[in-house]
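These numbers were taken from a predicted model, which means no experiment stands behind them. A, B, ... follow the sequence lines: proteins, then strands. Residue 1 opens every chain.
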Number of protein chains: 2
Amino acid sequence: MSIPIYLQIKEKIIEMISELPANSPVPSERDLAVIYSASRMTVRKAIDALVDEGYLYRNSNKGTFVADEVLRKKNTTLDEKSIEREITYKSIYFDVKASSSDEVQSYLNISGEDSVVRMIRLCLADERPQSIEEIYIKRLDLDDDEFRNLPKTRDFNDFIIQGSLTQRFVPTLVPMQYAHMLELKINEPIIMVENIINRKSGAPFIYMKVFNNPKEKVIEITS
Amino acid sequence: MSIPIYLQIKEKIIEMISELPANSPVPSERDLAVIYSASRMTVRKAIDALVDEGYLYRNSNKGTFVADEVLRKKNTTLDEKSIEREITYKSIYFDVKASSSDEVQSYLNISGEDSVVRMIRLCLADERPQSIEEIYIKRLDLDDDEFRNLPKTRDFNDFIIQGSLTQRFVPTLVPMQYAHMLELKINEPIIMVENIINRKSGAPFIYMKVFNNPKEKVIEITS
DNA sequence: TAGTGGTCTAGACCACGAC
DNA sequence: TCGTGGTCTAGACCACTAG
């Protein structure tokens, strides 16, 4: 099996605690090492990950305990997957142009001659409008395969794993051209999230503006 | 010295890379172990932390490299410290009452008979209004010492370390009673951040509503 | 005193990439 | 083939807490 032992143990621990109430103690690291026939350091690595994700918490010299579910780390800003709703996208624009706005040029660190893919789409969950996404990517940063698959791309998490995400939260009034698509009144206050996905090297890769429908989508982060 | 070796090594590595350009390679884990006279696992723990914080990135089978500064993890939602500005607070209300709103009761999971400390204050940086903070804490959750120091408490990070923080971002128009204090026009869209600090056990501890001045304070997260 | 988490060591093997 | 990060082991000592 090529899945690392500590990840297997992590899954087993999740299963073990799944029916325990909050604040129940879990076996000590030494005991778990015996239970799973692994070294203590390996078990510890699994627990480290679970603590990090908010499944468990440690009390020095006392033990490790099941955390309350409310403490599970989550970041719903880019994820809609966890919830069992049918997510669909309705494309509004998809084009490649050399003349991008100064804003896009500055965020993607490009000149006015570079071709930029622009994709604007409405995101729906169970037919209800969640947000409008404006996505900008430098054409040369995509190989032909990625470019072809772009209209089918649902979320951009795969791109983020390879780099880093900076999000800026901007209060604004819903833009007039989007108000009716989001089923909002004009002058409704909303949050526009500016997402900048960088590569590991730091080079900007994707610039994305998300206009969120506050009636549908709550932006919540647990850390 | 009681500071763990891996933290000492972490600081030494930060110092080592502080003048290196982005994407420079750092010595291999084995070399660093020799340089700092520690085991590879200890060095690795230091690097793990630095990768987590966005100082370094790894390329499997190739090496470890200095990350671009833009990738440093940051969360300016509750922190104002990093920037060299003089932060001051102007107290608007400070009282203890048994009759709290349903909203506060529900977030703090208390009944109408429980006394709640309410603290409303204006946060300024270099005399410029940054935000209004409404803070609610169940009186019984504070010992007398903590209660006395409350008016002097600047940020609540110390409380978070012992638990977890959930933040909800709510778009709204600036409340009339706060508009002039934040030097905003009426009907200005702003972001109100609801902060709920939980203890490790999951019990809610502090409920805090922050009305941010968008002209002064940009909410930005790198992850 | 016994048990816990926190740290640390000095090895080991693997898969992968570059040469 | 050699060096890298990724994983893993079987020990060890410490500070602290609870009985």
Side-chain angles (χ1 to χ4, degrees), chain A residues 1-13 16-17 20 22-67 71 161-164 199-201, chain B residues 1-13 16-17 20 22-67 71 161-164 199-201:
Chain A
M1 185 130 30
S2 67
I3 297 175
I5 296 174
Y6 77 93
L7 289 180
Q8 298 177 34
I9 293 178
K10 187 183 155 196
E11 292 308 314
K12 287 177 188 165
I13 295 177
M16 179 205 291
I17 65 174
L20 294 180
N23 307 312
S24 310
V26 300
S28 75
E29 296 175 356
R30 288 167 179 84
D31 287 350
L32 287 170
V34 173
I35 292 170
Y36 296 128
S37 305
S39 78
R40 186 180 157 211
M41 288 301 269
T42 301
V43 167
R44 194 172 162 80
K45 193 163 178 185
I47 296 178
D48 280 343
L50 291 170
V51 168
D52 220 62
E53 292 166 26
Y55 283 88
L56 300 175
Y57 65 91
R58 290 199 251 240
N59 265 353
S60 273
N61 314 318
K62 288 194 199 158
T64 304
F65 305 87
V66 177
L71 302 180
I161 293 168
Q162 286 292 98
S164 127
R199 295 213 157 82
K200 280 197 210 173
S201 69
Chain B
M1 187 131 29
S2 68
I3 298 174
I5 297 174
Y6 77 93
L7 289 179
Q8 298 177 35
I9 293 178
K10 187 182 155 196
E11 292 307 315
K12 287 178 187 163
I13 294 176
M16 179 205 291
I17 66 174
L20 293 180
N23 306 311
S24 311
V26 300
S28 76
E29 296 174 356
R30 289 167 179 82
D31 288 349
L32 286 169
V34 173
I35 293 171
Y36 297 128
S37 305
S39 78
R40 185 180 158 211
M41 288 301 269
T42 301
V43 166
R44 194 172 163 81
K45 194 164 179 186
I47 296 178
D48 279 343
L50 291 170
V51 169
D52 219 62
E53 293 166 24
Y55 283 88
L56 299 176
Y57 65 91
R58 290 199 250 240
N59 265 353
S60 274
N61 314 319
K62 289 196 201 156
T64 305
F65 305 86
V66 178
L71 302 179
I161 293 168
Q162 285 292 96
S164 127
R199 295 173 188 287
K200 279 196 211 174
S201 69

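- In this structure, dG19(D) forms no base pair with any nucleotide, since neither Watson-Crick nor G-U wobble geometry is met with both distances under 3.5 Å.
- Here K45(A) contributes atom NZ and K10(A) contributes atom NZ; the two are 11.0 Å apart, rounded to the nearest 0.5 Å.
- Two residues are said to be in side-chain contact when any heavy atoms from C-beta on lie closer than 4.5 Å; T64(B) and I47(B) meet this criterion.
- Among the nucleotides dG5(D), dG5(C), dC8(C), the one closest to the side chain of S60(A) is dG5(C).
- Regarding I3(B), its CD1 atom lies at a distance of 15 Å from the P atom of dA15(D), rounded to whole Å.
- Taking CD1 of I35(A) as the reference point, atom CD1 of I9(A) lies at 10.5 Å (rounded to 0.5 Å).
- Closest contact between the side chain of T42(B) and the listed nucleotides dT9(C), dG17(C), dT7(C) involves dT9(C).
- The R30(A) side chain lies nearest to dG6(C) when the options are dT9(C), dT4(D), dG6(C).
- A donor and an acceptor atom, one from each side chain of D48(B) and Y6(B), are nowhere located under 3.5 Å apart.
- Checking dC8(D), dG6(D), dG6(C) against every side-chain atom of R58(A), the shortest atom distance belongs to dG6(C).
- The side chain of R40(A) contributes no N or O atom lying less than 4.0 Å from OP1 or OP2 of dT9(D).
- Side-chain atoms of Y6(B) lie closest to dT7(C) of the nucleotides dC8(D), dT7(C), dG5(D).
- Out of dG5(D), dT9(C), dT4(C), the shortest distance to the side chain of N61(A) is found at dT4(C).
- Both M41(A) and T64(A) lie close to DNA chain C; mapped to their nearest nucleotides by heavy-atom distance, the more 5′-ward contact belongs to T64(A).
- Nearest-nucleotide positions on DNA chain C place S28(A) closer to the 5' end than the other of K45(B) and S28(A).
- Mapping P27(B) and S39(A) onto DNA chain D via the closest heavy atom, the residue that lands nearer the 5' end is P27(B).
- Of the candidate nucleotides dG5(C), dT9(C), dT9(D), dT9(D) has the atom nearest to the side chain of A38(A).
- A sub-4.0 Å separation between OP1 or OP2 of dA18(D) and a side-chain N or O of K62(A) is present.
- Counting only distance, with no hydrogens or angles, the side chain of Q8(B) and the backbone of I3(B) share a donor-acceptor pair below 3.5 Å.
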